[in-house]
Amino acid sequence: MELRAVSRPHISLLGDTRRGWGENPMRAQIVDIINKTLSSLVAKGELPEAVSEANPPFTVELPKNKDHGDYATNVAMLLAKPAKKAPRAIAELLVANWVDPDQIIVQSEVAGPGFINLRVNPHALLQIIHQVLGEGDAYGLAKESNGEKVLVEFVSANPTGPLHLGHARGAFTGDAVARLLEAAGYEVTREFYINDTGNQVLVLGRSIYARYQQAHGHDVELAKDAYPAEYVKNIATSIQDQDGDKWLSASEEQWLPYFVQKGVQTNLAQIKKDLENINIPFDSWFSEQSLHESGKVAGLIEAYASSGMAYRAEKPRGAEERVRREDSKAAQYQDQQAGGLFLETSRFGDDEDRIIQRANGTPVYLAADLAYHIDKIERGFHRMIDVFGADHGGHVPRIKAGIQAAGKDHSDLEFLLVQMVRLMRNGQELRFSKRAGQIYGIDELVDEIGPDAARFIFLMRSANTQFDFDLDLALRQSNDNPVFYVQYGHARTTTLLRRAAEASIPFDPKSPPAVADLEGLRLPEERDMLKKMAAFSDILQGAAKASEPHRLIYFCQELIALFHGYFSKYRATERVISDDIPLTLARLSLVASVKQTLKNALNILGISAPDHMQAPDAPSEDE
RNA sequence: GCUUCCAUAGCUCAGUUGGAUAGAGCACUGGUUUCCUAAACCAGGGGUCGCAGGUUCGAGCCCUGCUGGGAGCGCCA
């Protein structure tokens, strides 16, 4: 009899083991044993048929408490209801009837309210080493594509200036999410949406023109909302060098498009350079302008109008009922909406209807944004992730509503809102005023603390919590600094392997000893590392599904903490490299596995795994 | 006022989608190197998980309300 339901368990640690994803070999084997045992118990009439249909999302996880064995499962508690039996009774049944031909489970006991604590055969754990070393750089990563296409849109900074610190968290987060998804088996496209039209770029063009006039000795003042910074002057002088004074006598209709284009081009080139410098590639640069030129924006507006989703009015319906703050900018701009075309986003959960086209027929940015998202949907991705700054969170309901109003489905569209970061130096917040032209660029940050530390610290925290970026801490090349801790651990593993080679120990990570010859690895710390490494693919899949790179950072820290502890504790007694050659080979295999797993995890995050660390107090060898 | 994110150790934050006695780093106190990298390790103190209800075998996690903080509430993007 085939137990359909329990042969397809939902595992809370995620990672469907049937689909060629990297899998946790230990967990997969235990899940299999549980399923087979349940199946046989139902067949023998010990458990009711209802158990087969329950399909409970049981867990097989590493218990926090070491007294609880190697692995623990809550399957008995989840089956209590369908089986109409006490959790502990079900657990007892399982424990007494394991269908375990390979003898993976060497000890099991019922604990607490009905947990089953398991101890597994050391042999089974040792196979992890062969898996890690055999798969090398591919260990933990998806073996093949899962066939799902994902679009990650991130940064999408206005081409009105270089990237600054406000963009950094979104940039690193978006890149890490993209890397995470790739490693988890998705086909990822990284896209940058360029707002190369609209008011902001006009302001930019006028700012450049004002600087251009000043460069020719004209005493003009910058507009209140102008961009004053140095890079604007540089663009102005480059136009001056190229074209001389030919634009001074031109009318605004003549010079504005040219200055806008020059500004956008220059800034975009700078943005691309900044992103390349921090190793963030894009597959696609999507121009807003192109949506206008292709008629997609106009077409969408037309579609809204003809489907009755948009109406022409003096003001949006329902807006007068809305309580506005006295200083509301909406109130300020309300009269400008008169005669515009309004989209009924309020029918789909938005606060009020939104204008999409002015009285004079020109579309507003929301229309382009909607055309862009609908274009995305039509490109046929399984998942679309927008990485937004928290200050753009207000867009989300409008975009969703607009998509629904167009008769499309937004359920595959996810918004990852990256919260604000406060940059701290000397215990005080650093504030940068764009108005005053102060900019702390991403390039400056990376110059100051290095690319790995910048990435690590931005990725260390869950994206939806605010945090303080402590520049002093990031700068300190000391043990306060978590990125060094992890990288130092990797360097330590490398050193061990190098020492072994220097001692002419015949170890080759590509052909580790047979499992039977790894049996010397009996220390509890050694088993802990094996279990942790086995969980890598589960962590990766969970992080990818949830778009949470910080889970991988924690994994790196936890794995290397086990290694550091192991190394220090036994350095005087159970050394990795000893006269016992078989044991040395076994331990080197373990060390090589830790190195490989850590390297793979860091690589997914875009952080380097150095083989050497320069001690901070040591004199530099280069001088 | 509305939307949204957040509130866990002195500080910065995790908490594996509802599991067992809530964890880590920093800071503090004490200890560890004739020995494979001390950028490391070990030990110790430190908690009403913002408050109050609810859901169930079980809640830091889910629901409701409240308090406090961030962000947003424009034809800007």
Side-chain angles (χ1 to χ4, degrees), chain A residues 12-14 57 59 61-65 67-68 72 74 77 80-81 86-87 111-115 117 156-158 160 195 198-200 203 225 322-325 328-334 336-337 340 350-352 354-358 362-366 369 389-397 417 419-420 422 460-462 464-468 470 473 477-482 484-485 487-489 491-492 495-496 498-500 503 535 538-539 542-543 545-546 550-551 553-555 557-558 561 564-569 571-573 575-578 591 612-617:
Chain A
S12 76
L13 289 177
L14 304 172
T59 58
E61 58 191 1
L62 300 176
K64 291 172 221 160
N65 189 329
D67 298 336
H68 296 156
N74 64 350
M77 289 184 285
K81 225 168 235 172
F115 289 99
N117 295 332
S156 298
N158 281 347
T160 52
N195 294 112
N199 199 45
Q200 291 302 309
V203 170
D225 59 353
R322 195 174 149 204
V323 182
R324 293 188 187 275
R325 300 192 325 266
S328 164
K329 289 175 183 167
Q332 234 171 304
Y333 288 92
Q334 210 158 14
Q336 298 182 33
Q337 301 187 353
D350 195 9
D351 294 341
E352 64 178 57
R354 304 288 166 180
I355 187 165
I356 53 171
Q357 189 186 45
R358 293 175 198 150
T362 55
V364 309
Y365 83 94
L366 178 62
D369 230 17
D391 55 343
H392 286 202
H395 284 269
V396 173
L417 293 184
Q419 298 294 321
M420 301 284 116
R422 293 199 309 165
M460 195 164 57
R461 306 302 182 200
S462 149
N464 60 7
T465 57
Q466 304 152 218
F467 80 103
D468 293 345
D470 187 341
L473 189 143
Q477 307 248 321
S478 76
N479 51 356
D480 310 350
N481 193 331
F484 287 99
Y485 179 82
Q487 290 187 322
Y488 173 58
R492 258 186 163 176
T495 302
L496 277 171
R498 197 180 63 240
R499 294 277 180 213
D538 286 341
I539 306 288
K545 197 145 255 180
H550 75 274
R551 295 193 196 186
I553 296 267
Y554 276 84
F555 174 78
Q557 288 180 315
E558 288 161 10
H564 279 311
Y566 169 70
F567 182 90
S568 302
K569 180 171 177 183
R571 64 185 316 176
T573 53
R575 293 164 67 87
V576 170
I577 299 169
S578 68
V591 170
H612 299 279
M613 300 292 279
Q614 174 90 34
D617 299 329

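Predicted model, so just to flag it, every value in this text is computed and none were measured. To find a chain, count down the sequence lines: A is the first, B the second, and so on, and within it residues start at 1.
- A/A503 comes within contact range of no nucleotide atom at all, as no heavy-atom separation falls under 4.0 Å.
- Side-chain contact between A/V576 and A/Y566 is present, with at least one heavy-atom pair separated by less than 4.5 Å.
- Using a 4.0 Å heavy-atom criterion, one finds that A/G393 contacts no nucleic acid atom at all.
- Contact annotation for A/I355: backbone-only contact, meaning every heavy-atom pair under 4.0 Å involves sugar-phosphate atoms and none involves a base.
- Relative orientation of the A/H395 and A/H392 rings is tilted, given thresholds of 30° and 60° on the angle between their planes.
- Side chain of A/S568 to backbone of A/G565: no donor-acceptor contact under 3.5 angstrom is found.
- Within the 4.5 Å cutoff, side-chain heavy atoms of A/I577 are placed close to those of A/R499.
- Counting non-hydrogen atoms under 4.0 angstrom, A/T495 reaches a base of the nucleic acid.
- Relative to the side chain of A/F567, the nucleotides B/rA20, B/rA77, B/rA38 differ in distance, and B/rA38 lies closest.
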Pair assignment for RNA chain B - dot-bracket with | for other-strand partners, Watson-Crick or G-U under 3.5 Å: (((((((..((((.....[...)))).(((((.......))))).....(((((..]....))))))))))))....
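- Residue contacts for A/M460: at a heavy-atom cut-off of 4.0 Å it reaches no nucleic acid atom on any strand shown.
- The side-chain heavy atoms of A/M613 and A/F484, taken from C-beta on, include a pair separated by under 4.5 Å.
- When the nucleotides B/rA40, B/rA77, B/rC36 are ranked by their closest atom to the side chain of A/Y488, B/rA40 comes out on top.
- In this structure, the nucleotide among B/rA40, B/rC6, B/rC57 sitting nearest to the side chain of A/K81 is B/rC57.
- Among the protein residues, A/N74 comes within range of the nucleic acid bases, having at least one heavy atom under 4.0 Å from a base atom.
- When the P atom of B/rG15 is taken as reference, atom CD1 of A/I539 falls 11 Å away, rounded to whole Å.
- Proximity of a side-chain donor or acceptor of A/N74 to a complementary backbone N or O of A/T59 within less than 3.5 Å is detected.
- Judged by distance alone with a 3.5 Å cut-off, no donor-acceptor contact links the side chain of A/Y554 to the base of B/rA14.
- Side-chain nitrogen and oxygen atoms of A/H395 include none within less than 4.0 Å of the OP1 or OP2 phosphate oxygen of B/rU3.
- Put simply, A/N464 has a side-chain N or O that comes within less than 4.0 Å of OP1 or OP2 on B/rC6.
- As judged by a 4.0 angstrom heavy-atom cut-off over every strand, A/H612 is placed among the base-contacting residues.
- Glycosidic conformation, B/rU32: anti, with the torsion outside 90° of 0.
- Within the 4.5 Å cutoff, no side-chain heavy atoms of A/Y365 are placed close to those of A/N195.
- Note on A/N117: a base of the nucleic acid sits closer than 4.0 angstrom, heavy atoms only.
- Contact between the side-chain N/O atoms of A/S568 and the OP1/OP2 oxygens of B/rC36 is not found at any separation under 4.0 Å.
- OP1 or OP2 of B/rC36 sits under 4.0 Å from a side-chain N or O of A/R571.
- Counting non-hydrogen atoms under 4.0 angstrom, A/F467 reaches the backbone sugars and phosphates but no base.
- A/A491 comes within contact range of at least one nucleobase, with a heavy-atom separation under 4.0 Å.
- Among the heavy atoms of the strands lying under 4.0 Å from A/A390 are primed sugar atoms or P, OP1, OP2 only; no base atom is included.
- Residues A/Y488 and A/H564 meet the side-chain proximity criterion, which asks for heavy atoms closer than 4.5 Å.
- Side-chain atoms of A/N65 come within 3.5 Å of backbone N or O of A/D67 as a donor-acceptor pair.
- Counting any heavy atom pair closer than 4.0 Å across all strands shown, A/G198 reaches sugar-phosphate atoms only and no base atom.
- One finds a side-chain N or O of A/Y485 lying less than 4.0 angstrom from the OP1 or OP2 phosphate oxygen of B/rC41.
- Picking from B/rU4, B/rU37, B/rA20 the nucleotide with the shortest atom distance to the side chain of A/L417 gives B/rU4.
- Nearer to the 5' terminus of RNA chain B, by closest-nucleotide assignment, is the contact made by A/N65 (compared with the other of A/S578 and A/N65).
- Along RNA chain B, the nucleotide closest to A/S156 and the one closest to A/R499 are compared, and the more 5′ of them pairs with A/R499.
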